[in-house]
Protein chains: 2
Amino acid sequence: MCRMARPRKPLLSRDRIVTTAGALVDAEGLEAVSTRRLAAELGVSGPSLYNHFRTKDEILEAVADAVSAKVDLSMFHEDDSRDWRTALHDWAVSYRAALTDHPNIVPVLARGPGRRPAGLRVADAVFGAMVRAGWPPAQATHIGALMRYFITGSALGSFARGFVDDETAYDPADYPHLGQAHLLAERQEQVDEGAFETGLRALLDGLAVQYAGAARR
Amino acid sequence: MCRMARPRKPLLSRDRIVTTAGALVDAEGLEAVSTRRLAAELGVSGPSLYNHFRTKDEILEAVADAVSAKVDLSMFHEDDSRDWRTALHDWAVSYRAALTDHPNIVPVLARGPGRRPAGLRVADAVFGAMVRAGWPPAQATHIGALMRYFITGSALGSFARGFVDDETAYDPADYPHLGQAHLLAERQEQVDEGAFETGLRALLDGLAVQYAGAARR
DNA sequence: ACCTGAACACCGTTCAAGT
DNA sequence: ACCTGAACACCGTTCAAGT
């Protein structure tokens, strides 16, 4: 009697697709995600996905947006007590943590906010808070953009990961100062962490200088 | 008599492949480069490329390296008179210009220096100059990395490009501060330029603060 | 040494067909 | 409404064959 009724609940949902795609990206990287592979992971055939998303790229955008949604924005709320500098700092740290938790999707995220709702919510929150703090709107726009540049750039271009763990790759005659470059691969996280912290502090110190000179009260 | 001799000079060379691939990337984007398409552009069949490069990725790496090779490094020469702050500034401007001239290859470049000779030459030059200027080696490493983060991040995540030129995409109820977001697409370059300049100045101001406190003489 | 055609194991996406 | 198999027009790469 159950079998003659209509329901037959769907095998797939946008949520299930995004979750599974995200797990696949995390586990095996962006290039492991083909529509056929993802569908197999979900126990369906490839074309089924097109009942829920228009393109594979839309799926990846949704995965990226789910990562953006994890970024803490509480410091930008109107009733939060943190000043703009502290808010920007805490936001940057939370943003970077979200990206380093899911490094394989960063190339998609780094393409810009696009139409992704959570990405836009982030842009909106930082812009609004900076204006409220007294930054001129044009500067508030710049701050949102440049912070994004730095944070996504650091998550993407992970400096140390770029060096190969093979001493023969770096002839000291060609790169007199990079003698120990291959060692960087071993302390990848430290270099990335240190560069991020140094850069973030410099950015905030420098913005404070400009704020003192340009922000209106 | 000519035809019986051996020469028959090769149709392809690494240089010709890289030049043609670079032009194709510039004109039609990364996704337009398939081995078959590139080969057709060169007047040969697809597999011919594999006589000169081991993989398609190696070709793209070479294209990216050719862009890195255009970055001015003269400010880091030992006999150049510019101080570290000016050198870093001029280098950043030249680096960004090289990337914005070839925006489509930036995703490849942003992956890190890897084994690309010109990319490594850049990393080597900035590290050496910063150490010479009195920065502790660890900080010099961080500076090279964080500047790269910011510059590639800005070339890649071009903030305004991320917004879609369609007002219906941004409901003011969802994004109270982004009412004019769709207008950004029109002034893309100004926003990117402004954010880059603001960020670069902040970064250099902030590093100057740290230099005053930490650099040894 | 360098180029070719054929082939392998894939892709993203469309579509008619089924329920 | 949602899933399927078959099909289309592609991919990157290998390899035996040619010169």
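This structure is a prediction, so every number in the text was calculated from the model and none was measured.
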- Task: Applying salt bridge (Lys or Arg N to Asp or Glu O under 4.0 Å), name anything that partners A/E28, two or more places apart in sequence or on another chain.
- Result: A/R37

- Message: I'd like to check the side chain to side chain contact (heavy atoms under 4.5 Å, CB included) partners of B/T19; sequence neighbours left out, ordered by chain and number.
- Response: none

- Message: Under the ring pair (Phe, Tyr, Trp, His ring centres under 6.0 Å) definition, can you give me all pairs with a residue in residues 28-70 of chain B, not counting sequence neighbours?
- Response: none

- Task: Go through residues 32-46 of chain A and report each residue with a non-hydrogen atom lying under 4.0 Å from DNA chain C, sorted by number.
- Result: A/V33, A/S34, A/T35, A/R36

- Any idea which of D/dT13, C/dC3, D/dC2 is nearest the B/Y50 side chain? D/dT13

- Which value, in whole Å, describes the distance between the C1' atoms of nucleotides C/dC15 and D/dC3? 13 Å

- Message: Just the rounded figure in Å: distance from C1' of D/dC2 to CG of A/L12.
- Response: 9 Å

- Note on the structure: Correct closest heavy-atom pair for A/A145 and B/A195 would be CB-CB, 3.6 Å

- Note on the structure: For B/D80, the side chain to side chain donor-acceptor pair (under 3.5 Å) test, sequence neighbours excluded, returns B/R82

- A/R201: what forms a salt bridge (Lys or Arg N to Asp or Glu O under 4.0 Å) with it, not counting sequence neighbours? none

- Tell me, which of residues 52-64 of chain A have any heavy atom that sits under 4.0 Å from an atom in DNA chain C? A/T55, A/K56

- Using the P atom as the reference point in each nucleotide, state the distance between C/dA9 and D/dA9 in Å, no decimals. 22 Å

- Query: Would A/R96 and A/E193 satisfy salt bridge (charged side-chain N to carboxylate O under 4.0 Å, His left out), going step by step from the backbone distance to the final call?
  - Reply: CA-CA 10 Å; A/R96 179 180 139 89; A/E193 274 284 327; 3.1 Å; yes

- To the nearest angstrom, the CG-P distance between B/N51 and C/dC3 comes to 6 Å

- Item | Sequence neighbours excluded - salt bridge (charged side-chain N to carboxylate O under 4.0 Å, His left out) pairs with any residue from residues 138-147 of chain A | none

- Please, which pairs that meet salt bridge (charged side-chain N to carboxylate O under 4.0 Å, His left out) have at least one residue in residues 49-73 of chain A, sequence neighbours excluded? A/R54-A/E58, A/D57-A/R111, A/E61-A/R111, A/E61-A/R116

- Just by distance, do the side chain of B/T20 and the backbone of B/I17 share a donor-acceptor pair under 3.5 Å? no

- Message: Work out how far the C1' atom of D/dC2 is from that of C/dA16, and round it to whole angstrom.
- Response: 14 Å

- Watson-Crick or G-U pairs under 3.5 Å in DNA chain D, rendered as dot-bracket with [ ] for crossing pairs and | for another strand: ||.|||||...|||||.||

- From the candidates C/dC3, D/dC15, D/dC3, the one with an atom nearest any side-chain atom of B/P47 is D/dC15

- Item | ring pair (Phe, Tyr, Trp, His ring centres under 6.0 Å) contacts touching residues 87-127 of chain A (sequence neighbours left out) | A/F76-A/W91, A/W91-A/Y95

- Nearest-Å distance for atom pair CG/P, residues B/L49 and C/dC3: 9 Å

- Which ones in residues 14-24 of chain A lie close to DNA chain C, meaning a heavy atom under 4.0 Å from one of its atoms? none

- Would you name the heavy atoms of B/P107 and B/P103 that are closest together and state the gap between them? CD-O, 3.8 Å

- Query: Any sub-3.5 Å donor-acceptor pair from B/R16's side-chain atoms to B/L11's backbone N or O?
  - Reply: yes

